[in-house]
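We count residues from 1, following the sequence as given.
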Amino acid sequence: MLAKQEKRKRRHKRVRAKVIGTSKVPRLCVFRSSRHIYAQLIDDEKGRTLTVASDLELKTKKKKITKVAKASEVGKLIAQKAVSKKISKVVFDRAGYNYHGRVKAVAEGAREGGLKF
């Protein structure tokens with residue numbers, strides 16, 4: 001039987017076959033570990049990461065905050081960085097994860113921040 005990570009990598013491969021980011025419409029890729037969440041905008045044509053955001057950048061060290069709330073803040077942060085680089089439209093890459101919980105919170109936070117997908 002395959003391990004969870006191997007199954008996720010297979011799903012991610014299928015998603016990546018359909019989702020391609022360009023310089024005008026980059027790919028918003030999400031990675032979640034057990035403790036943290038990361039988001040990055042990627043231009044697949046040039047093979048470059050345009051901008052990155054993670055919950056490690058947030059200034060919420062003293063407050064107790066849930067992982068889903070942190071994920072939403074990461075979505076807003078990546079949207080803010082994208083808008084500063086004059087990017088308003090992205091394609092969402094859930095990286096083999098279910099569109100649920102923290103992954104969904106990043107997407108909704110990015111939409112609130114002004115990104116369209």
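Judged by distance alone, with hydrogens and angles left aside, the side-chain atoms of Lys67 form a donor-acceptor pair with the main-chain N or O of Ser34 at under 3.5 Å. Of the possible polar contacts, none joining the Arg8 side chain to the Tyr97 backbone as a donor-acceptor pair under 3.5 Å is found. Although no hydrogens or angles enter the test, the distance criterion places no donor-acceptor pair under 3.5 Å between the side chain of Lys70 and the main chain of Ile65. Not one N or O on the side chain of Lys85 forms a donor-acceptor pair closer than 3.5 Å with the backbone of Thr51.
At a threshold of 4.5 Å between non-hydrogen side-chain atoms, the residues Leu2 and Arg10 count as touching. No side-chain heavy atom of Ser54 sits under 4.5 Å from any side-chain heavy atom of His36. Residues Asp93 and His12 have side chains in contact (heavy-atom distance under 4.5 Å, counting atoms from C-beta outward). Residues Lys89 and Lys24 have side chains not in contact (no heavy-atom distance under 4.5 Å, counting atoms from C-beta outward). Counting only heavy atoms from C-beta outward, the side chains of Val25 and Val91 approach each other to under 4.5 Å.
Taking a cutoff of 4.0 Å between a charged side-chain nitrogen and a carboxylate oxygen, Arg16 and Asp44 qualify as a salt bridge. Between Lys9 and Glu6, none of the side-chain N atoms (NZ, or NE/NH1/NH2) sits under 4.0 Å from a carboxylate O, so this pair counts as no salt bridge.
Nearest heavy atom pair, residue Glu45 against residue Asp43, reads N-OD1, 3.1 Å. Between Ala79 and Ala110, the shortest heavy-atom distance links the atoms CB-O, 3.5 Å. Of all non-hydrogen atoms in Leu28 and Ala39, the two that sit nearest each other are CD1-CB, 4.1 Å.
Val68 and Tyr99 fall into different hydrophobic clusters, where Ile, Leu, Val, Met, Phe, Trp and Tyr are joined by side-chain heavy atoms under 4.5 Å apart, directly or via other members. Taken together through direct or relayed side-chain contacts under 4.5 Å among Ile, Leu, Val, Met, Phe, Trp and Tyr, Leu56 and Ile37 form part of one hydrophobic cluster. In terms of hydrophobic clustering, with Ile, Leu, Val, Met, Phe, Trp and Tyr side chains grouped at heavy-atom distances under 4.5 Å, Val106 and Ile87 are assigned to a common cluster. Val30 and Tyr38 fall within the same hydrophobic cluster, where Ile, Leu, Val, Met, Phe, Trp and Tyr residues are linked whenever their side-chain heavy atoms come under 4.5 Å apart, directly or through other members. Val103 and Leu77 end up in the same hydrophobic cluster when Ile, Leu, Val, Met, Phe, Trp and Tyr side chains are linked at under 4.5 Å.
Using bins of under 30°, 30° to 60° and over 60° for the plane-to-plane angle, the ring pair Phe92/Phe117 lands in the parallel bin.
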